[in-house]
Every structure is written in C-alpha cells, then in structure tokens.
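Chain naming here is simple, since letters A, B, ... match the order of the sequence lines and numbering starts at 1 in each. Note that the structure is a prediction, hence the values are computed from the model and not measured.
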Amino acid sequence: DVKVTQSSRYLVKRTGEKVFLECVQDMDHENMFWYRQDPGLGLRLIYFSYDVKMKEKGDIPEGYSVSREKKERFSLILESASTNQTSMYLCASRERGEAFFGQGTRLTVV
Amino acid sequence: DAKTTQPPSMDCAEGRAANLPCNHSTISGNEYVYWYRQIHSQGPQYIIHGLKNNETNEMASLIITEDRKSSTLILPHATLRDTAVYYCIVSRPQAAGNKLTFGGGTRVLVKP
C-alpha cells in the first residue's frame, strides 16, 4: 500500500521558533509538494520539488523554505514561526498521474 | 496548468446520482482532468482522471465534453460517506516540475 507519511498529526509551537515539518514517501516519486489549507481558502501550494535538491516556489512561499536532500523526504521549514502560519499542512507526492497525500499536520503557533 | 471553475456547493439525496460540473475552458492538448475529494480532516484522495474519453472506475464516472472545455464527475449512487469537498484539477501528468494546483472545489453534502 502506497504511503505518504507526515511526522506529526498535531504540533504546537511558539512564535519565533524554527519549525520543521517532515514528509516521507515510499513510492520513489520524483515530485513532492507542500500545501497549506485554511478555511475558505482551499489548498494553496507553498513549495514543490521535482528532484533531489531541486525546488520551486508555489503560490505562497513567503515565510517558508524547503529541503529535499533525499528523494523520499521533503521537509517544510518555518524559519521563524508566526501566528498567521497556524494552519493545516499537507504533503503530497506524485510521479505521473495521481497524487498521494499525507494525513496532514495541524500546526498551531502561539 | 489551466484554471478550473466549480460551483462552491451542492446537495444530493442519498442513493441518487450526484453530478459535479467543472469548467476548464483554457485546457491545453496534453493536460488531463483529475478529480480528488477531501473528506473532513483527511488528506485529499484521488478519484479518477481522463484525457478526452469518458472514464469509469469503482468510485465514479468522468464525462469530458468533446471540446474538452468542461467535464462532469458522476457519483452513481451517493452515500452519506460521499459527503466531502470535490476538486477538479487540470494537469500534465509527466512534466517534471509540474505544479498541482487546487481551486476551491465543490462542497457536496449528501442528505438522507
């Protein structure tokens, strides 16, 4: 069974902290994505990666960075967390055709 | 990737067919139509995709118009568990670095 695993289901962090959200896929997919989802705004693409060490900005990259050192792992980094980054974060991977999503990380920044 | 337009919400009676429309008038020749759904508090789940022919699987049917500018997802016998947000996306499946961009989707409420 194919799998995209996000390291935490729920996370609470303080304003100003550096936050790492981890995502691992076991399908050897080239493409991986990070989204955030907020009520009324749908899924918005933050960053995506199409190969190891390759990354592209999505629609809302400000305040975020990413790391893809290995093919199976794609990390989202909040350099200095702020309260407006409180959200549901979803990771996905895709080779061609359908994308597979993780269950999401609900991050609260206090 | 081409932009899609979907109605924000629709209701459906349990046991009846649910027909979900999607407009993608700027679709290009090598772009496929994909449908996903997201049940509350879960990650989106793939349903079906197609290029120009109608497609059917165990979950749904996809009808794409001849000019490919719109499509309809059909849930043949809606159940309460089909209550979800349904997303229509247009994308090229094989291009490296190909974005996968979601719109607002259609919130479907299946009523008993």
Side-chain angles (χ1 to χ4, degrees), chain A residues 1-6 8-10 21 23 25 27 29-61 66 68 71 74 87-106, chain B residues 1-9 20 22 30-53 55-60 62 64 71 73 84-108:
Chain A
D1 197 17
V2 297
K3 215 163 185 179
V4 177
T5 304
Q6 294 184 228
S8 303
R9 188 80 172 97
Y10 299 94
L21 302 184
C23 176
Q25 50 100 358
M27 297 162 281
H29 285 171
E30 300 284 349
N31 301 296
M32 295 187 74
F33 306 81
W34 273 107
Y35 297 87
R36 66 176 281 176
Q37 186 169 32
D38 303 287
L41 296 177
L43 279 92
R44 293 181 290 167
L45 182 63
I46 304 171
Y47 266 97
F48 66 103
S49 167
Y50 53 90
D51 201 352
V52 175
K53 296 190 187 295
M54 305 302 289
K55 61 188 179 187
E56 291 277 348
K57 292 180 180 180
D59 300 317
I60 52 162
V66 290
R68 184 115 181 255
K71 192 175 187 181
F74 191 36
S87 187
M88 169 70 88
Y89 290 87
L90 287 153
C91 173
S93 76
R94 180 191 192 207
E95 184 69 18
R96 57 188 66 186
E98 68 179 284
F100 296 87
F101 283 82
Q103 286 291 42
T105 296
R106 187 165 293 281
Chain B
D1 292 343
K3 183 177 167 57
T4 62
T5 305
Q6 299 176 254
S9 65
L20 282 63
C22 179
N30 59 355
E31 288 181 317
Y32 284 64
V33 180
Y34 294 84
W35 283 83
Y36 289 80
R37 75 178 183 184
Q38 187 175 24
I39 295 169
H40 183 62
S41 297
Q42 297 182 20
Q45 173 194 24
Y46 165 83
I47 301 172
I48 198 168
H49 74 280
L51 181 61
K52 55 183 178 181
N53 297 321
E55 303 287 344
T56 296
N57 63 20
E58 65 279 2
M59 289 180 70
L62 174 60
I64 302 173
S71 60
L73 179 76
V85 178
Y86 289 77
Y87 297 97
C88 169
I89 298 161
V90 175
S91 176
R92 293 171 295 158
Q94 297 180 330
N98 190 25
K99 276 187 184 184
L100 197 61
T101 303
F102 287 74
T106 297
R107 187 172 297 274
V108 174

So which part of B/Tyr32 gets closer than 4.5 Å to some heavy atom of chain A, the side chain, the backbone, both or neither?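 Contact with chain A involves no heavy atom of B/Tyr32 at all.
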Please flag which part of B/Gln38 lies under 4.5 Å from any non-hydrogen atom of chain A: side chain, backbone, both or neither.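 It is the side chain, since no backbone atom gets that close.
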Go through the structure and list residues passing salt bridge (charged side-chain N to carboxylate O under 4.0 Å, His left out) with A/Arg106, not counting sequence neighbours.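 Salt bridge (charged side-chain N to carboxylate O under 4.0 Å, His left out) check on A/Arg106 returns nothing, list empty.
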Could you give all pairs that pass the salt bridge (charged side-chain N to carboxylate O under 4.0 Å, His left out) test and reach residues 38-49 of chain B, with sequence neighbours left out?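 Applying salt bridge (charged side-chain N to carboxylate O under 4.0 Å, His left out) to every pair that reaches into residues 38-49 of chain B, excluding sequence neighbours, yields nothing.
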Answer with side chain, backbone, both or neither: which region of A/Gln103 has an atom nearer than 4.5 Å to a non-hydrogen atom of chain B?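 Backbone plus side chain of A/Gln103, per the 4.5 Å heavy-atom cut-off to chain B.
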Can you tell which part of A/Leu43 gets under 4.5 Å to a heavy atom of chain B, answering side chain, backbone, both or neither?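 Looking at A/Leu43, backbone and side chain both touch chain B.
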In Å, rounded to the nearest 0.5 Å, how long is the span from OG of B/Ser91 to CD of B/Glu31?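 Taking OG in B/Ser91 and CD in B/Glu31, the distance rounds to 7.0 Å.
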What option among A/Gln6, A/Arg44, A/Gln37 has the most heavy-atom pairs under 4.5 Å with chain B?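 The option with the most such pairs is A/Gln37.
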Backbone N or O of A/Tyr89 within a donor-acceptor pair of the A/Ser87 side chain at under 3.5 Å?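 No, the answer is negative, given that no donor and acceptor are paired below the 3.5 Å cut-off.
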Salt bridge or not between A/Asp38 and A/Arg36? Use side-chain N to carboxylate O under 4.0 Å.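 Counted as a salt bridge, because a side-chain N and a carboxylate O are separated by less than 4.0 Å.
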Among the listed options B/Gly43, B/Pro44, B/Gly104, the residue most often paired with chain A at heavy-atom distances under 4.5 Å: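 Of the options given, most contacts go to B/Pro44.
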